[in-house]
Amino acid sequence: MRIDDSARLIGTIRLGENVYVAQGSILRSKDDSFKIGNETWILENSVLIGTPEYPIAIGSKTVFGHKCVAIGAQIGDLCEIGNGTIFLPGSKIGNMCIFGEGTIIPAGAVIPSESVVIGRPGRFVRSLSDKDRNVILRMRGNDISLRLVAENLVKHEPKEGDKMGKIYNFGDKYPVIHQSAFIFDSAEITGDVTIGSNTVVASGVRIIGNSHGPVKIGSNVQILENSVLHLLPDNELIIEDDVTIGPGCIIHGTTIGSKTIIESGSIICDYSVLGKNTLVKSGSVVKQRSVISDNQIVEGFPAKIVGENVTMMERPAWAF
């Protein structure tokens, strides 16, 4: 297997032979809930997360493009997955499927083998053609044979006292981080940033508080893998307590109310306001200057209100 230096494997993960995990990609497993077959490639800055309720199971000779996210998905052999594709919990994908760039596969969706799927949400557009099959064959060195998987067990559980991520000043501004916060080693935090107690900043996260304004992060917040926090000039980014930001998100200068959950691959634009207990569904874009009141569920590109939370949300299983 080949694991690039800036990739991270967290938890108990079962890998077949000749698996490749590229720069900046993160594989995270809760309670031995993650396995990959032989010769599967996971390209740069992708995030794959398995949980006991929704394990990750990836077949052999499947290729993930750049910046993909898969949470609790089952994906077959010989799949070709376009850059930025998102698989949500409980989705089940057959063998030899092709996914267009930026596709979102909804929770619980079932995609038959030899399907071509595109869109948000993903929709079946046709079955594989002979030309598609030839592309899959050529991209695998004209060898699509499959062998019995011999698992290699990888275990790594981050713990208190591990090396903390990189912390940088910007001019006379230096991050202020509560001693109980946990900053994973490949995270980077710069400048005018304040982080409260028991907050988790996961692998690959970038928080940039330069001359544009302060970043204020409350207590018990989780900012998950490969998310980026930044803002325009003369603005500020305020994240209240108990917020969860999923993997692969981009958060600009905004105010995010307590107990809010922002699912994977979402973008929150500058000068917007999210009320308390808001749910932003995966892949959504909250446009500039949007104001979302408490307890709303929003989804889409751009995001629109699609429902309302009648109770306070629990932190999702894919968080820490």
Side-chain angles (χ1 to χ4, degrees), residues 1-13 15 19-30 34 36 40-51 56 58 64-73 81 83-87 102 154 156-159 162-168 170 175 177 181-191 193 195 199-210 215 217 221-231 237 239 243-252 256 261-268 280 282-283 316 318-320:
M1 77 182 78
R2 176 183 163 191
I3 312 297
D4 281 349
D5 286 346
S6 60
R8 294 293 183 271
L9 277 60
I10 299 167
T12 299
I13 296 175
L15 301 177
V19 168
Y20 174 44
V21 184
Q23 298 172 16
S25 286
I26 317 294
L27 312 185
R28 173 159 59 86
S29 169
K30 284 187 175 183
F34 199 124
I36 298 178
T40 282
W41 286 23
I42 300 164
L43 298 186
E44 289 81 0
N45 292 321
S46 293
V47 180
L48 281 64
I49 299 172
T51 69
I56 278 271
I58 311 296
F64 287 81
H66 313 289
K67 288 187 71 65
C68 292
V69 175
I71 301 175
I81 299 169
N83 302 325
T85 297
I86 299 174
F87 297 93
V154 178
H156 173 67
E157 296 291 350
K159 58 186 182 300
D162 281 354
K163 180 182 176 183
M164 189 167 73
K166 296 178 175 62
I167 311 299
Y168 307 108
F170 185 88
I177 301 171
F182 195 102
I183 314 299
F184 277 71
D185 70 309
S186 62
E188 298 187 33
I189 302 171
T190 302
V193 179
I195 297 177
T199 283
V200 174
V201 179
S203 301
V205 169
R206 303 291 184 263
I207 304 176
I208 305 161
N210 54 23
V215 178
I217 300 170
V221 171
Q222 293 196 15
I223 304 167
L224 299 188
E225 293 85 353
N226 285 352
S227 288
V228 176
L229 280 61
H230 194 212
L231 62 165
L237 170 54
I239 301 174
V243 167
T244 305
I245 296 173
C249 291
I250 300 173
I251 310 296
H252 293 289
I256 301 174
I261 297 173
I262 300 173
E263 293 184 344
S264 56
S266 294
I267 300 172
I268 313 298
V280 180
S282 286
W318 40 261
F320 287 98

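- Of the possible polar contacts, one joining the Ser25 side chain to the Asn45 backbone as a donor-acceptor pair under 3.5 Å is found.
- Under the 3.5 Å distance criterion, the side-chain polar atoms of Ser186 are matched with a main-chain donor or acceptor of Gly204.
- A salt bridge does not link Lys166 to Glu188: none of the charged side-chain nitrogens sits closer than 4.0 Å to a carboxylate oxygen.
- Taking CZ of Phe87 as the start and CD1 of Ile81 as the end, the distance is 4.0 Å to the nearest 0.5 Å.
- Rounding to the nearest 0.5 angstrom, the gap separating the CD atom in Gln23 from the OG atom in Ser6 is 5.0 Å.
- Ile262 has its side chain within reach of Ile256: a pair of non-hydrogen atoms, C-beta onward, lies under 4.5 Å apart.
- At a cut-off of 3.5 Å, with distance as the only test, a side-chain donor of Ser264 or Ser282 sits close to an acceptor on the other residue.
- Residues passing the side-chain hydrogen bond (donor to acceptor under 3.5 Å, both in side chains) test with Asp185 are Arg8, sequence neighbours excluded.
- Residues passing the side-chain hydrogen bond (donor to acceptor under 3.5 Å, both in side chains) test with His66, sequence neighbours excluded: Glu44.
- For Phe320, the ring-ring contact (aromatic ring centres under 6.0 Å, His included) partners two or more places apart in sequence, or in a different chain, are Phe184.
- Residues Ser227 and Gly246 come closest through the heavy atom pair OG-O, 2.8 Å.
- In this structure, Ile13 and Ser29 approach most closely via the heavy-atom pair CG1-CB, 3.8 Å.
- Contact detail for Ala7 and Ala22: the closest heavy-atom pair is CB-O, 3.4 Å.
- Atom-to-atom distance recorded for Tyr168:OH and Ile208:CD1 is 11.0 Å, nearest 0.5 angstrom.
- Residues Val205 and Leu224 share a closest heavy-atom pair of CG2-O, 3.1 Å.
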Assess whether side-chain contact (heavy atoms from CB on, under 4.5 Å) is satisfied between Ile251 and Val228, documenting all intermediate values. CA-CA 6 Å; Ile251 310 296; Val228 176; over 6 Å; no

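- Inter-residue side-chain proximity for Thr51 and Ile56 is flagged as unmet; no heavy-atom pair is nearer than 4.5 Å.
- Here the side chains of Asn210 and His230 are in contact, with some heavy-atom distance below 4.5 Å.
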side-chain contact (heavy atoms from CB on, under 4.5 Å) between Val221 and Val200: does it pass, once the steps are laid out? CA-CA 6 Å; Val221 171; Val200 174; over 6 Å; no

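- Leu27 places none of its side-chain heavy atoms less than 4.5 Å from the side chain of Val47.
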Determine, step by step, whether Glu263 and Trp318 satisfy the side-chain contact (heavy atoms from CB on, under 4.5 Å) criterion, reporting the C-alpha distance in whole Å, the side-chain angles of both residues, the deciding distance to 0.1 Å, and the verdict. CA-CA 10 Å; Glu263 293 184 344; Trp318 40 261; 4.1 Å; yes

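- Inter-residue side-chain proximity for Phe34 and Ile49 is flagged as unmet; no heavy-atom pair is nearer than 4.5 Å.
- Gln222 contributes atom CD, which lies 10.0 Å from atom CD1 of Ile261 (distance to the nearest 0.5 angstrom).
- Ala187 and Ala202 get closest at one heavy-atom pair: CB-O, 3.6 Å.
- The closest side-chain heavy-atom distance from Ile36 to Ile42 is below 4.5 Å.
- Between Asp4 and Tyr20 the shortest side-chain heavy-atom distance falls below 4.5 Å.
- Inter-residue side-chain proximity for Ile189 and Ile177 is flagged as met; some heavy-atom pair is nearer than 4.5 Å.
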Determine, stepwise, if the pair Ile217 / Ile223 fulfils side-chain contact (heavy atoms from CB on, under 4.5 Å). CA-CA 10 Å; Ile217 300 170; Ile223 304 167; 3.7 Å; yes

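- The structure places CG of Leu9 at 5.0 Å from CD1 of Ile3, a figure rounded to the nearest 0.5 Å.
- The main-chain N or O of Ala319 is found under 3.5 Å from a side-chain atom of Lys30 such that the two form a donor-acceptor pair.
- In this structure, SG in Cys68 is found 8.0 Å from CG in Leu43, a value given to the nearest 0.5 Å.
- The two residues Pro247 and Ile71 make their nearest non-hydrogen contact at CG-CD1, 4.2 Å.
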